[in-house]
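Data first, discussion second: the structure below is written as structure tokens.
Naming convention: chains lettered A, B, ... in sequence-line order (proteins, then strands); numbering from 1 in each chain.
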Protein chains: 2
Amino acid sequence: MTTIRDVAARAGVSVATVSRVLNGSGYVGKDTEIRVKKAIQELNYRPNTVARSLANRKTGTIAVILPDIMNPFFSELARAVEDTARDGGFTVIFCNSDDLGTREQHYIEVLRQKYIDGIIFASNSMGEDDIVYMNENRIPIVVLDRAPGKSGCTVIRSQNAAGAVMAVRHLMETGCRKIAHIAGPGELITAQERLRGYRKAVKGFTWFDESLIVPGHFSIRGGERAVSGLLERHPDVDGIFAGNDLMAIGALKALQRMGRKIPRDISLCGFDGVEMSEWTEPELTTIAQPIYEMGRKAATHLIARIRGKAVKEDILELDVRLVERNSTRRRKN
Amino acid sequence: MTTIRDVAARAGVSVATVSRVLNGSGYVGKDTEIRVKKAIQELNYRPNTVARSLANRKTGTIAVILPDIMNPFFSELARAVEDTARDGGFTVIFCNSDDLGTREQHYIEVLRQKYIDGIIFASNSMGEDDIVYMNENRIPIVVLDRAPGKSGCTVIRSQNAAGAVMAVRHLMETGCRKIAHIAGPGELITAQERLRGYRKAVKGFTWFDESLIVPGHFSIRGGERAVSGLLERHPDVDGIFAGNDLMAIGALKALQRMGRKIPRDISLCGFDGVEMSEWTEPELTTIAQPIYEMGRKAATHLIARIRGKAVKEDILELDVRLVERNSTRRRKN
DNA sequence: TGAGTGTGTGTAACCGGTTACAGACGGAGG
DNA sequence: CCTCCGTCTGTAACCGGTTACACACACTCA
């Protein structure tokens with residue numbers, strides 16, 4: 001492996017000069033620069049990033065901690081982060097937490113020791129104290145879907161409650177008379193907010209009943225299971241708002257197996273807007289979060305923070321939008 | 001940040017001794033060890049991984065280069081790699097190549113400069129010369145789904161051709177009389193092998209015709225589009241073997257939209273066994289590769305290589321298996 | 001002519017670890 | 001009593017970069 005000293009020797013200069021040429025910092029004479037560049041060329045020299053990191057205290061690496069890369073929401077997010085990081089000259093370490101607190105702690109420690117430049121937390125069991133710890137260690141972080149904490153870190157969220165209201169309104173406008181909700185895990189803030197939106201939208205309607213809310217754990221299987229119990233209690237449900245697309249897909253499956261036609265018998269609306277929601281038949285109406293955009297923004301802000309740029313807004317709330325597809329089609333009544 | 005010298009000072013020993021305690025190497029007196037450990041505790045000292053990497057020429061980081069993390073096949077693979085790496089004390093950098101040669105070159109260079117310990121290539125445009133380059137730089141690599149190269153690197157593959165034969169046989173056994181193939185991109189070796197398997201299985205049947213093979217680009221959209229042209233030319237097709245699950249899902253969608261019942265009118269079989277193939281209605285029969293197992297094996301072998309262990313087999317060919325689900329159900333005739 | 005400024009370059013300390021080597025000590029063996 | 005060896009510990013070089021500081025030189029301006 002050729003080092004900066006080899007280059008210096010070949011060009012007949014000191015290592016400091018080579019370093020200056022490399023980084024374009026300080027003064028370097030015109031012809032000296034040429035000689036150094038020639039030597040670099042000839043030796044096919046590439047600076048050693050690790051040594052650089054040690055001297056700089058910068059690694060050019062960011063990490064993203066997420067529950068599970070196999071969840072399409074997070075793989076899209078990860079993709080966005082990596083694309084953005086690459087453009088900014090960063091590489092990305094990814095960590096699957098499975099929402100396990102211990103696992104997150106482990107990652108945080110490992111990443112700190114690695115001099116990671118910054119972390120994007122898309123994992124849910126992240127606590128306030130983790131944020132404090134990161135601040136103490138001066139590691140910039142960006143978190144997704146957290147309640148606005150007092151701590152100085154960028155938070156990216158989307159309008160979960162407003163989106164849920166949109167979903168229910170849309171179902172009503174297309175002719176639904178009794179709308180159920182398949183809810184995500186109660187401990188997740190996104191699930192809470194979407195449930196809140198649903199409650200707000202159905203408030204005051206005589207048909208509403210608490211038992212129209214069923215848990216679906218944000219998973220396909222959960223969505224599947226939720227449906228059967230629901231339809232037993234409420235055979236006349238004609239609209240379902242699922243707290244995320246995975247549960248909606250599960251519900252769709254279960255309904256089709258039960259012989260219910262979508263949207264003829266029951267309309268179905270998801271939340272998230274993962275690519276997969278286009279892959280079902282019928283395609284799924286959903287409240288789309290700008291997932292890619294969230295990932296991009298998270299990475300952009302993190303990198304800005306790393307570069308020490310003052311970042312104005314600390315909480316970014318992104319718009320969601322209704323993507324109307326065939327799982328909810330207007331019914332004449 | 002507390003350093004090894006702080007610990008040494010506090011324990012009243014030299015840095016060498018602290019290092020020995022940390023690594024359990026060399027001789028250390030019993031009581032000295034206790035003193036050092038106490039100092040480490042009290043200062044909450046954690047060794048700096050970057051400095052360690054510089055001295056060791058080891059980073060404890062591996063990379064996985066894949067076409068696109070949003071493709072469920074690769075996200076499952078990535079998940080397996082990360083799980084295995086974590087168990088072995090490694091972290092994982094991931095790189096989306098989009099099968100772009102230039103992008104891969106870029107990553108390879110960046111990763112080399114970062115002293116990466118090893119690389120898993122699941123990307124397709126990787127050339128023989130890249131492998132040579134990695135060997136020159138003594139960076140262990142494992143590649144997936146490549147032709148057995150002469151070069152000294154572990155190759156993990158699965159029985160694509162045999163799997164394709166299984167698929168076609170299965171379709172015939174369940175009553176299909178005319179079976180089409182939606183093929184992946186011709187430049188990908190996996191697609192080639194599956195096509196070869198299809199050809200082998202249909203050889204000699206009078207109903208076979210070259211135009212039963214249609215391209216589907218390994219994507220959902222590709223699968224969708226493939227179907228319409230196919231059914232125009234061959235309205236009597238009653239079985240389709242898709243080269244991967246994504247195309248099968250696309251085909252399923254298109255067929256359902258055309259009013260064809262699956263499996264009543266047409267049977268459908270995919271390839272890969274991604275989790276998503278269970279999420280359709282009907283669920284998809286598929287030739288399952290042990291995706292997680294492939295990722296796990298890739299990581300295990302890579303880590304073994306990194307640790308300098310002699311690895312016996314250089315080519316690992318994993319079994320595929322038929323997962324029979326509702327998209328192919330036996331029809332009485 | 002001398003001070004002051006801008007430019008170009010080298011020396012050496014530093015980032016925070018690992019480790020080769022040397023020295024000190026105590027006990028066993030001749 | 002001397003030698004040899006195993007145990008324990010410290011000094012300092014090294015991994016491969018960055019950069020503070022010192023110095024040299026040329027040029028401008030009073």
Task: A:Thr3 side chain vs A:Arg5 backbone, donor-acceptor pair below 3.5 Å - done: yes

Open item on the list: Generate the contact string for nucleotides 13-26 of chain D. Rules: B means base contact, S means sugar-phosphate contact only, - means no protein heavy atom under 4.0 Å.
Closed with: --BBBSBB------

Task: Within-4.5 Å side-chain heavy-atom neighbours: A:Tyr45 and A:Ile4 - done: yes

Task: Distance-only polar pair, side chains of B:Gln105 and B:Tyr133, donor-acceptor under 3.5 Å - done: no

- [ ] Spell out, as yes or no, whether a donor-acceptor pair under 3.5 Å connects the side chain of A:Ser53 to the backbone of A:Thr49.
- [x] yes

Open item on the list: Under 4.0 Å, heavy atom to any atom of DNA chain D: which of residues 29-44 of chain B qualify?
Closed with: B:Gly29, B:Thr32

Only pairs under 3.5 Å count here: list side-chain donor-acceptor contacts from residues 55-62 of chain A, not counting sequence neighbours, and write none if there are none.
{"unit_1": "A:Asn56", "atom_1": "ND2", "unit_2": "A:Arg52", "atom_2": "O", "d": "3.3"}
{"unit_1": "A:Thr59", "atom_1": "OG1", "unit_2": "A:Thr61", "atom_2": "N", "d": "3.4"}
{"unit_1": "A:Thr59", "atom_1": "OG1", "unit_2": "A:Tyr115", "atom_2": "O", "d": "3.0"}
{"unit_1": "A:Thr59", "atom_1": "OG1", "unit_2": "A:Asp117", "atom_2": "OD1", "d": "3.4"}
{"unit_1": "A:Thr61", "atom_1": "OG1", "unit_2": "A:Thr59", "atom_2": "O", "d": "3.3"}
{"unit_1": "A:Thr61", "atom_1": "OG1", "unit_2": "A:Thr91", "atom_2": "OG1", "d": "3.4"}
{"unit_1": "A:Thr61", "atom_1": "OG1", "unit_2": "B:Lys114", "atom_2": "NZ", "d": "2.9"}

Open item on the list: Once rounded to the nearest 0.5 Å, what's the spacing between atom CD1 of B:Ile120 and atom NE2 of B:His301?
Closed with: 11.0 Å

Between side-chain atoms of residues 71-83 of chain A and protein atoms elsewhere (two or more places apart, or another chain), which donor-acceptor pairs fall under 3.5 Å?
{"unit_1": "A:Asn71", "atom_1": "OD1", "unit_2": "A:Phe73", "atom_2": "N", "d": "2.9"}
{"unit_1": "A:Ser75", "atom_1": "OG", "unit_2": "A:Pro72", "atom_2": "O", "d": "3.2"}
{"unit_1": "A:Arg79", "atom_1": "NE", "unit_2": "A:Asp83", "atom_2": "OD1", "d": "3.2"}
{"unit_1": "A:Arg79", "atom_1": "NE", "unit_2": "A:Asp83", "atom_2": "OD2", "d": "3.3"}
{"unit_1": "A:Arg79", "atom_1": "NH1", "unit_2": "B:Asp68", "atom_2": "OD1", "d": "3.1"}
{"unit_1": "A:Arg79", "atom_1": "NH1", "unit_2": "B:Asp98", "atom_2": "OD1", "d": "2.9"}
{"unit_1": "A:Arg79", "atom_1": "NH2", "unit_2": "A:Asp83", "atom_2": "OD1", "d": "3.2"}
{"unit_1": "A:Arg79", "atom_1": "NH2", "unit_2": "B:Asp98", "atom_2": "OD1", "d": "3.4"}
{"unit_1": "A:Arg79", "atom_1": "NH2", "unit_2": "B:Asp98", "atom_2": "OD2", "d": "2.8"}
{"unit_1": "A:Glu82", "atom_1": "OE1", "unit_2": "A:Arg86", "atom_2": "NH2", "d": "3.1"}
{"unit_1": "A:Glu82", "atom_1": "OE1", "unit_2": "B:Asn96", "atom_2": "N", "d": "3.4"}
{"unit_1": "A:Glu82", "atom_1": "OE1", "unit_2": "B:Tyr107", "atom_2": "OH", "d": "3.1"}
{"unit_1": "A:Glu82", "atom_1": "OE2", "unit_2": "B:Tyr107", "atom_2": "OH", "d": "2.5"}
{"unit_1": "A:Asp83", "atom_1": "OD1", "unit_2": "A:Arg86", "atom_2": "NH2", "d": "2.7"}
{"unit_1": "A:Asp83", "atom_1": "OD2", "unit_2": "A:Tyr292", "atom_2": "OH", "d": "2.5"}

Task: Close side-chain approach of A:Ile119 to A:Val64, heavy-atom, < 4.5 Å - done: no

Polar pairs (N or O, both sides) under 3.5 Å between protein and nucleotides 3-7 of chain D?
{"unit_1": "D:dT7", "atom_1": "OP2", "unit_2": "B:Tyr27", "atom_2": "OH", "d": "2.2"}

With a cut-off of 3.5 Å and sequence neighbours excluded, list every side-chain donor-acceptor pair involving residues 22-32 of chain A.
{"unit_1": "A:Asn23", "atom_1": "ND2", "unit_2": "A:Ser19", "atom_2": "O", "d": "2.9"}
{"unit_1": "A:Asn23", "atom_1": "ND2", "unit_2": "A:Ser19", "atom_2": "OG", "d": "3.3"}

Open item on the list: Using side chain to side chain contact (heavy atoms under 4.5 Å, CB included), reason through B:Thr2 and B:Val7 one step at a time and then give a plain yes or no.
Closed with: CA-CA 8 Å; B:Thr2 66; B:Val7 175; 5.5 Å; no

